[in-house]
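Note on naming: letters A, B, ... go to the chains in the order of the sequence lines (proteins, then strands), and numbering restarts at 1 for each one. The basis for the numbers below is simple: all heavy atoms, side chains too, and nothing from hydrogens, waters or symmetry mates. All of these numbers come straight from a predicted model, not from anything done at the bench.
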Amino acid sequence: MSGILEARNRIAELMAEAIKKAKESGKLPDVNIPEVPLEHPQVPSYGDYASSLPLRLGRLMRKSPVEIAETILFMLPTSPEISKASVAAPGFINFTLSDEWLTGQVDSIISDGDDYGRLQLGHGEKMQLEFVSGNPTGPLHVGHGRGAVLGSTLAEVLRLVGYDVKTEYYINDAGSQIANFGRSIYARYCQTLGVDKEMPEGGYFGDYVKDLAREIVADEGRLLLSSPEEEALARITEIAVRRMLDRIKSDLKLLGVEFDVWFSESTLYSSGQFDNVMKILGEKGYLISREGAIWFTSSSLGEDKDNVLIRSDGQPTYFASDIAYHYNKFVERGFDEVIDIWGADHQGHVSRMKAAVAALGIDPDRLTIIITQMVTLYRNNEIVRLSKRTGDIITLKELIDEVGADACRLFFLSRAADSQMDFDLELAKEQSSENPVYYIQYAHTRTCGVLRYAKGKGITFDDGDTSLLTSESELDLIKKMVLLPEVIEAAAKTLEPHHLVYYAIDLATVFHSFYKQCRIISEDSKLTKARLKLVTAAKIVLGKTLALMGLNAPETM
RNA sequence: GCGCUUGUAGCUCAAUUGGAUAGAGCGCAGCCCUGCGGAGGCUGAGGUCGCGGGUUCGAAUCCCGCCAAGCGCGCCA
């Protein structure tokens, strides 16, 4: 366990011990004590941790919270982590971490190195994280980018805290939309070769469809015109989907997002898993035949209506294959927990998916669905819906090309998933020099610069004594560095990695402030060595935070 | 109409999940280079936390009711 969490636990233990002793000696009534709450006071002068436990015990114990707090404080054992504990109205106990403990953490961070922040929360539990999963019928758009950044960051965080995480992209390569896409490509293919062929109704009219058709013409020539239409259609669909997927993969790679598994929907059918799951649902009595279709009786599970699984034309719906897919995740592949990240347009699907999982006899609490709200693009305060270049919807690639991958990631990451976000393209570019991403990265390059300079001067500092770090800006920096494990813990528990962004900005701020305040390499060789250790540790923490967010940690800028 | 999500500084967003004086970036008004990288540091102005009730020691946070925005409500995915 990392330092700060040990210290925090220690404080909770000390309090529990104090209360126990107070109860035994009759100074406090014998009531059950809830878990000790510990938080960071808003005002730094109050201390590093505060507990409101006395306030909560007030009613239970029928005593004034201040009195309870004073009794606990009186009984509180001393501990090297804590230099000061005090009572504050209306019933808080405030704790200050000792300078000795804090400066000792610098050495501890250095020895942890890249493992700094590693926790054991997951205990190797098998967890699957599915995200993006955009249909291979078109390029990824901006909203997919948000899910991609959230998902990939979450995966890193959850791995770091001890989950066995697999990331997965579900490829909807079966069903009516794929058929429709194939017919659209086929029509464009024919048209490109001067053969009259109408686009299907509700087909894909984007320019990328024409581009794809032209690519296929370039590769295959007129060959497919001579095949029977059904055969040509199948072949063209296959080629087009593969090409679309390649493009999706490369767009994601630009954002630094890669997947462990690309799962094909059509394998659910070819392997018989789909039929098996339908059979199970039928045996459990959740299927009903009505109006020529087969329905999932979700209303019996508290949903507001039933849902069609097999259409009257015999074709399964997307929902049906998604049920089979989730059965595959939990039962066939044995994931303990599954997290799906979906766009806002899928939120109507959430509760019925959970109902379906429950119907299959799987505890629906093992499935967590995160909905990311919409991204609205702006340019100079005007909403941008369509790309000037193609006239189509703005693609993820265009966004990355325009603002850069790091800025793109940081921006997407800095908003909680459930709040809609506005993304002003001009602002993102204009501010590029003032952008938080550069501010954070610059802090990292500064650590590198100093360490380079020290190395050039032949300074070694393995024997540096960190207890010499006593100035306010040094201790403020250490206090912030020490918090990373707590931030990671919070991000993992709430599945909200946006905390990392705010932490990174705070960390960069205290580092820049320290850098301004303290001359690192000076005539005082002992202090120089101590400060170089501090800079080394700061580099580790900044680097780790950037890496977790999937941002570059440049040595120079 | 029903469901989900959101409403916090001029703008974009946080708030350790019920805690003490609600914070940051941008923007705005100033100040700081005799420094290892100024892509930096420091200071200031700016808030009825959408509105109204309620719950309790304590509410931006929980409950109820309004108002507003986004997304759903298909034998599309």
### Query
Are A:Phe274 and A:Tyr325 close enough that their ring centres sit under 6.0 Å apart?
no
### Nucleotide-resolved protein contact map, nucleotides 70-77 of chain B, B/S/- at heavy-atom distance under 4.0 Å
BBSSSBSB
### Message
List the residues meeting ring pair (Phe, Tyr, Trp, His ring centres under 6.0 Å) with A:His349, not counting sequence neighbours, and say none if there are none.
### Response
A:Tyr318, A:Phe319, A:Trp342
### Message
Using the C1' atom as the point on both nucleotides, what is the distance between B:G44 and B:G70, in whole Å?
### Response
37 Å
Quick one: which protein N/O atoms are closer than 3.5 Å to N/O atoms of nucleotides 20-23 of chain B? Pair and distance per line, please.
residue	atom	partner	partner atom	Å
B:A20	OP2	A:Gln42	OE1	3.2
B:A20	OP2	A:Gln42	NE2	2.6
B:A20	N6	A:Asn94	OD1	2.5
B:A20	N1	A:Asn94	OD1	3.1
B:A20	N1	A:Asn94	ND2	3.1

#### Entry: Any strand: nucleotide that pairs with B:G58 via Watson-Crick or wobble, under 3.5 Å
none
### Message
Checking side-chain polar atoms at under 3.5 Å, does A:Glu486 have a donor or acceptor matched by the opposite partner on A:Tyr503?
### Response
no
## Note on the structure
Separation between OG1 (A:Thr137) and CG (A:Asp173), nearest 0.5 Å, reads 11.5 Å
### Task
Starting at atom CD of A:Glu496, determine the distance to atom C1' of B:A15, rounded to an integer number of angstrom.
11 Å
### Query
If we take the C1' atom in both B:A9 and B:C49, what is their distance in whole Å?
11 Å
#### Entry: Along RNA chain B (nearest heavy atom to each residue), the more 5'-positioned of A:Thr509 and A:Ala416
A:Ala416
### Query
Can you check the A:Asn435 CG to B:C13 P distance for me, whole Å?
15 Å
### Query
Under the rule syn = chi within 90° of 0, otherwise anti, which is B:C33?
syn
### Query
Phosphate oxygens OP1/OP2 of B:A14: is one of them under 4.0 Å from a side-chain N or O of A:Ser419?
yes
### Same-atom distance (C1') from B:G10 to B:G47, integer angstrom
12 Å
### Task
Say whether A:His444 and A:Glu555, considering side chains only, have a donor N or O and an acceptor N or O under 3.5 Å apart.
no
### Query
Is B:U8 in the syn range, within 90° of 0, or in the anti range?
anti
### Task
Round to a whole Å and report the spacing from OH of A:Tyr439 to C1' of B:C26.
13 Å
### Query
Have A:Asp406 and A:Gln441 got a donor and an acceptor in their side chains that come within less than 3.5 Å?
yes
#### Entry: Lys/Arg N to Asp/Glu carboxylate O, A:Glu489 vs A:Arg8, below 4.0 Å
yes
### Query
Could you give the CG-to-P distance, from A:Asp422 to B:G10, as a whole number of Å?
17 Å
### Query
In whole angstroms, how far is the C1' atom of B:G3 from the CG atom of A:Asn307?
14 Å
### Task
Take atom CZ of A:Phe423 and atom C1' of B:G25, then tell me their distance rounded to the nearest Å.
14 Å
### Query
What is the pairing partner of B:A15, taking Watson-Crick or G-U wobble pairs with both distances under 3.5 Å in any strand?
none
### Query
B:G65 pairs with which nucleotide, Watson-Crick or G-U wobble, both distances below 3.5 Å?
B:C51
### Query
Under 4.0 Å: is that the gap between some side-chain N or O of A:Tyr438 and OP1 or OP2 of B:G25?
no
### For B:C71, the Watson-Crick or wobble counterpart (both distances under 3.5 Å)
B:G3
### Task
Using a heavy-atom cut-off of under 4.0 Å over every strand shown, decide if A:Thr494 touches base, sugar-phosphate, or nothing.
base
### Message
Going by the rule ring pair (Phe, Tyr, Trp, His ring centres under 6.0 Å), which residues pair with A:His141 if we only count those two or more places apart in sequence or in a different chain?
### Response
A:His144
#### Entry: For atom CD of A:Glu35 and atom P of B:U17, their distance in whole Å
11 Å
### Task
Can you tell me, in whole Å, how much space there is between the P of B:C66 and that of B:G41?
48 Å
### N-O pairing of A:Glu6 and A:Arg10 below 4.0 Å
no
### Summary
In Watson-Crick or G-U wobble terms, with both distances under 3.5 Å, the base opposite B:G44 is B:C28
Please tabulate, for the side chains in residues 301-314 of chain A, all donor-acceptor contacts under 3.5 angstrom to protein atoms that are two or more places apart in sequence or on a different chain.
residue	atom	partner	partner atom	Å
A:Glu303	OE1	A:Ser351	OG	2.7
A:Glu303	OE1	A:Arg352	N	3.3
A:Glu303	OE2	A:Ser351	OG	3.4
A:Asp306	OD1	A:Ser298	N	3.3
A:Asp306	OD1	A:Ser299	N	3.0
A:Asp306	OD1	A:Ser299	OG	2.7
A:Asp306	OD2	A:Arg290	NH2	2.9
A:Asn307	OD1	A:Ser298	OG	3.0
A:Asp313	OD1	A:Gln315	N	2.9

#### Entry: Complementary nucleotide for B:U8 - Watson-Crick or wobble, under 3.5 Å
none
### Task
For B:U5 and B:C26, measure between their P atoms and round to the nearest Å.
33 Å
### Query
What integer number of Å spans the P atoms of B:A15 and B:C28?
27 Å
### Query
When every nucleotide of nucleotides 28-38 of chain B is labelled 5' to 3' by its protein contacts under 4.0 Å (heavy atoms), B for base, S for sugar-phosphate only, - for none, what sequence of letters results?
-------BBBS
### Query
In Å and rounded to the nearest 0.5 Å, what is the CD1 to CD1 distance from A:Ile341 to A:Ile339?
7.0 Å
### Query
Atom CE of A:Met421 to atom C1' of B:G7: distance rounded to whole Å?
17 Å
### Separation between the P atoms of B:G72 and B:C63, rounded to whole Å
25 Å
#### Entry: Side-chain donor-acceptor contact under 3.5 Å, A:Ser419 with A:Gln373
no
### Query
When the C1' atoms of B:G18 and B:C57 are considered, how many whole Å apart are they?
12 Å
### Query
Centres of the A:Phe423 and A:Phe411 rings: under 6.0 Å?
yes
### Query
So, A:Arg519 and A:Thr528: side-chain donor and acceptor under 3.5 Å apart, yes or no?
no
